[in-house]
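Here the structure is laid out as structure tokens; the discussion comes afterwards.
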There are 2 protein chains.
Amino acid sequence: MLMAGRHIVLIEDDALMGNSLVQRLELEGADVTWVRQAVRGVAAVRTPRKPVDAVVCDIRLPDGTGEEIFDTLSRTIAPPPFLFITGQGEIDQAVRLLRAGGADYMTKPFEMPAFLARLAQILRPDEGEALPARTGISPLARQIDAQVAAFARQEGPVLIRGGRGLGKARLARRIHDLSERRSAPFVAVNAFREEASAEALEAGAARASDGTLFVHGIGRLDAAAQDVLLGGLGQAPFRLIASCEPRIDLQEQEGTFRGDLLYALAANEIVVPPLAERGEDAVWLAGQMFNALNAGRETALRGLSDLALAAIRDHDWPGNGRELRARLLRAMSVASGDWIHPADVFPELQTGGDSLETLAEARESAERRQIIRALEHTGGQVSEAARLLRVSRTTLWEKMQKLGL
Amino acid sequence: MLMAGRHIVLIEDDALMGNSLVQRLELEGADVTWVRQAVRGVAAVRTPRKPVDAVVCDIRLPDGTGEEIFDTLSRTIAPPPFLFITGQGEIDQAVRLLRAGGADYMTKPFEMPAFLARLAQILRPDEGEALPARTGISPLARQIDAQVAAFARQEGPVLIRGGRGLGKARLARRIHDLSERRSAPFVAVNAFREEASAEALEAGAARASDGTLFVHGIGRLDAAAQDVLLGGLGQAPFRLIASCEPRIDLQEQEGTFRGDLLYALAANEIVVPPLAERGEDAVWLAGQMFNALNAGRETALRGLSDLALAAIRDHDWPGNGRELRARLLRAMSVASGDWIHPADVFPELQTGGDSLETLAEARESAERRQIIRALEHTGGQVSEAARLLRVSRTTLWEKMQKLGL
DNA sequence: TCGCGATGTTCGGATTTCCGAACACCGGCG
DNA sequence: CGCCGGTGTTCGGAAATCCGAACATCGCGA
């Protein structure tokens, strides 16, 4: 059981080879996803049902090459370790792939023990359940947790970027608590209040002493206050953690925010994506909050119904975690039976509990949501939205017609 | 002169090949040590007469193999970057060498330009502190370096024009260090801070004595301060080097900047184009910075993957070198494997940032969710789930394949 | 043992989707 | 005024998706 519980994606079109690999890997306790085509491989790695620990990838596939798969994936994510296998190896290709970040390269036929040994060697180290989920259970959330842990071990300022209600202050606090400075003070300054003048900042820094100074909404600081921070960066005893909106670069372009301060901070940056982009986290968070709130009730509720969870997963959460909390509080106070129903969480919908959405319907509503999101993002610019969504302007127009947007 | 002053060890027993390589490398300014035997190679690298920046190593040698050389060296020291060349390549060998830490692997015969490019890419960073890094390898950067050298040999004020984060201060420093005045003081005044009043300038000039006075952001000076400089230009003992934004002519039009001061300076002008206009320099710089930063880590990274380099070349770099540095720092702190991937350098590509989920991705994950829901609903019965989802069993099967379920 | 229903898989063709090109149109902007 | 960039709309062909038909299996109960 070399690979107990590890998730391995196998991209291989040859039936014989595929079968024997799947068989052997499952014998080793691995959880194997076998696909036969390049596009499917990309899908299986990019949106996996559970995190991928390694990919075993044939190079010649009916609809593309393993190289293309790796390329495509690398553009958007840090791909899992790739072990390429091919019948017709070329040296240049091998060199190219390894230099591009592939983990290993073997030519068929190979001995199974050698294959297993090399695969075991490249397997992503088991992070598994050792680290409890804090921010969420999605790959994105796990990455954030990993970054928090990493930054806690280091020194240097940290910038936390993300929308409202995503718990940026909590992340800052966690970095402090996990760091060497945990016994020193943690001082928070909120630039959205008036307290964030240059003097107030200096006072905060003094209070922080050799602890952590957290500046919430650093983009709001005036020039003098920015100078205080910039001046302190080099020698000040405290550690600076700052938070800001997702799009701080805009303020830099306007000239209200100093580029050098931004880049000094951006070296250690955590980007917290909105809840809407990680529905599984919304469900997980709802569960966590429910349990916490339920413990404090005199009459305990049973839980969130499946339909409610589905609705939570698909909601847009413009207010992120804060909205989730508010809705859950409301739902738990108005819930009539043992279970929380979708209508309790989303009273504005008044949905009747009908049967399962058709696949086409699900696809359609997902498209609608995404299109609306994109249009909001671009301020209604259709061409720009089309580019974001990676479809032609024509196609987007057509879809908008069909969906009545 | 891609490799001016760099020390390259060439281990090659073939006289013809060896000769032509030595000739070509010396043409590029390299300092080549050519040995014909494995034992000599080990000695030449282990106890060099000057630090080795790279090793070009044949695999088949009369008294051993290149692999053995690398192996032997790795046991006792961190070997310099190895570029293996061989007439009889084997894939397994190439993979083994690259995984062991070799930098590159080429088969003979090869084109000389390709060889030089790949060698240049792996060269250890220039550590000579005497002459800090050059500006880059692009024709534009070379021209800048030439100008710096030329102005260092002359007298007279210099104006360095260019956007933020392009190292204008470093260029000024280099001019000073290369000039006759190198033993006199180099005084920098930053007009973006308050320190740049007329009095502060006079004080700076006094401190500079007969050295160099560097004024950063000369366009920001007020009228009195400009007068100080203009008055000093003729007879003052110090040499003036000024930097300003790319478009200083605008400020002149506004009347906030004196034309005569501008024209006095503009006679010796260096224009530093933004990094976006010379992608090769961005790649080169990234390599330099990576190596410098990597040296200070406890767990060394292998390098920037070729895909990451390609992404760096194509990025827009609005923050120029400063942004590059910040991104690289970030990437190196979050990198998960041995290599730095594009997504580590450009995290905004994978989340919120500027691009949200592609329409196809949104559709895909919606489908995945709905299919899983349906399958849960039917207890894994595929046909039944297909009926619920209103698609044919075949289609559902196909989708499950694609999504790796 | 056979029959039955479900699954895994392939194939060819009908249908839909997607895209680029093209054209008209509109509102700023110099 | 003309130019430019964006939008609304149509069209034809390329590419994908979807489906039914077909066939081999497989497990299970009669």
Side-chain angles (χ1 to χ4, degrees), chain A residues 9-23 25-26 31-44 46-47 58 61-65 68-69 72 357-372 374-405, chain B residues 250 253 357-372 374-405:
Chain A
V9 171
L10 169 65
I11 309 176
E12 165 67 83
D13 60 328
D14 181 73
L16 227 60
M17 173 65 80
N19 256 318
S20 91
L21 285 178
V22 167
Q23 204 173 18
L25 288 172
E26 288 186 339
D31 179 1
V32 185
T33 300
W34 177 18
V35 298
R36 276 146 251 249
Q37 289 172 36
V39 284
R40 314 218 152 147
V42 171
R46 187 181 277 150
T47 60
D58 192 9
L61 293 162
D63 62 331
T65 69
E68 288 162 4
I69 296 176
T72 308
E357 243 184 337
T358 254
L359 198 53
E361 285 164 1
R363 207 165 39 210
E364 203 165 86
S365 66
E367 276 193 346
R368 159 180 277 118
R369 269 205 312 277
Q370 195 67 3
I371 290 176
I372 289 174
L375 284 172
E376 276 170 1
H377 209 269
T378 63
Q381 300 246 332
V382 179
S383 317
E384 181 63 20
R387 202 169 317 123
L388 274 183
L389 297 170
R390 302 287 169 87
V391 294
S392 77
R393 196 176 60 89
T394 333
T395 302
L396 180 55
W397 182 83
E398 198 178 345
K399 283 190 184 301
M400 287 168 65
Q401 288 287 309
K402 189 166 75 185
L403 299 173
L405 294 175
Chain B
L250 296 185
Q253 284 171 13
E357 245 184 336
T358 262
L359 202 52
E361 285 165 1
R363 212 167 32 212
E364 206 166 81
S365 63
E367 277 192 346
R368 169 190 293 278
R369 276 203 308 269
Q370 196 65 4
I371 290 175
I372 289 174
L375 284 172
E376 277 169 0
H377 211 266
T378 63
Q381 302 248 329
V382 179
S383 317
E384 181 62 19
R387 202 168 317 125
L388 269 184
L389 297 169
R390 301 294 166 87
V391 294
S392 77
R393 196 175 60 90
T394 329
T395 302
L396 179 56
W397 182 82
E398 195 179 357
K399 283 193 185 300
M400 287 169 64
Q401 283 287 304
K402 177 156 94 183
L403 299 173
L405 293 175

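A note on names: the letters A, B, ... follow the listed sequences, proteins ahead of strands, and every chain is numbered from 1. Scope of the values below: all heavy atoms of this structure, side chains included, with no hydrogens, waters or symmetry mates.
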request  = Give Glu384(B) one of three labels, base, sugar-phosphate or nothing, depending on what nucleic acid heavy atoms sit under 4.0 Å from its own.
outcome  =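 The answer is nothing, as Glu384(B) stays clear of every strand by at least 4.0 Å.
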
Side-chain ion pair, Glu364(A) and Arg363(B), N-O less than 4.0 Å =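 Result for this pair is no, no salt bridge flagged.
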
request  = Check the pair Leu396(B), Val391(B) against side chain to side chain contact (heavy atoms under 4.5 Å, CB included), reporting the backbone distance first and the verdict last.
outcome  = CA-CA 7 Å; Leu396(B) 179 56; Val391(B) 294; 4.1 Å; yes

Figure out the [atom1]/[atom2] separation between [X] and [N], and round it to whole Å.
X: Leu396(A); N: dT17(C); atom1: CG; atom2: P; result: 15 Å
X: Arg36(A); N: dG8(C); atom1: CZ; atom2: C1'; result: 9 Å
X: Glu398(B); N: dC11(C); atom1: CD; atom2: C1'; result: 12 Å
X: Leu403(B); N: dT17(D); atom1: CG; atom2: P; result: 11 Å
X: Asp14(A); N: dT9(C); atom1: CG; atom2: P; result: 14 Å
X: Glu367(B); N: dA16(D); atom1: CD; atom2: C1'; result: 13 Å
X: Met400(A); N: dC18(C); atom1: CE; atom2: P; result: 15 Å
X: Leu389(B); N: dC19(D); atom1: CG; atom2: C1'; result: 15 Å

key: Audit row: Gln37(A), Leu61(A), side chain to side chain contact (heavy atoms under 4.5 Å, CB included) steps and yes/no   = CA-CA 6 Å; Gln37(A) 289 172 36; Leu61(A) 293 162; over 6 Å; no

query = If each of Thr394(A) and Gln381(B) is mapped to the nucleotide of DNA chain C with the nearest heavy atom, which maps nearer the 5' terminus, i.e. the 5' end?
reply =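 Residue closer to the 5' terminus by nearest nucleotide: Gln381(B).
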
message = I want to confirm an ordering. Mapping Trp34(A) and Arg363(B) to their closest nucleotides on DNA chain C, which one lands closer to the 5' end?
response =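 Looking at the nearest nucleotide for each, Trp34(A) comes out on the 5' side.
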
With a cut-off of less than 4.0 Å, is there a side-chain N or O of [X] near OP1 or OP2 of [N]?
X: Lys399(A); N: dC18(C); answer: yes
X: Lys402(B); N: dT17(D); answer: yes
X: Arg390(B); N: dC19(D); answer: no

key: Distance-only donor-acceptor test (3.5 Å): side chain Arg393(B), base dG20(D)   =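 Per atom types, no contact qualifies.
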
ask   = salt bridge (Lys or Arg N to Asp or Glu O under 4.0 Å) between Arg36(A) and Glu12(A): does it pass, once the steps are laid out?
value = CA-CA 5 Å; Arg36(A) 276 146 251 249; Glu12(A) 165 67 83; over 6 Å; no

inquiry  = Less than 4.5 Å apart, side chain to side chain, heavy atoms only: is that true for Leu21(A) and Leu10(A)?
reply    =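 In short, these two side chains touch, coming nearer than 4.5 Å.
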
query = Which one, dC19(C), dT9(C), dC18(D), comes nearest to the side chain of Trp397(B)?
reply =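 Output: dT9(C).
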
query = Nearest to the side chain of Ser392(B), which nucleotide is it out of dG6(D), dG20(D), dT17(C)?
reply =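 It is dG20(D).
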
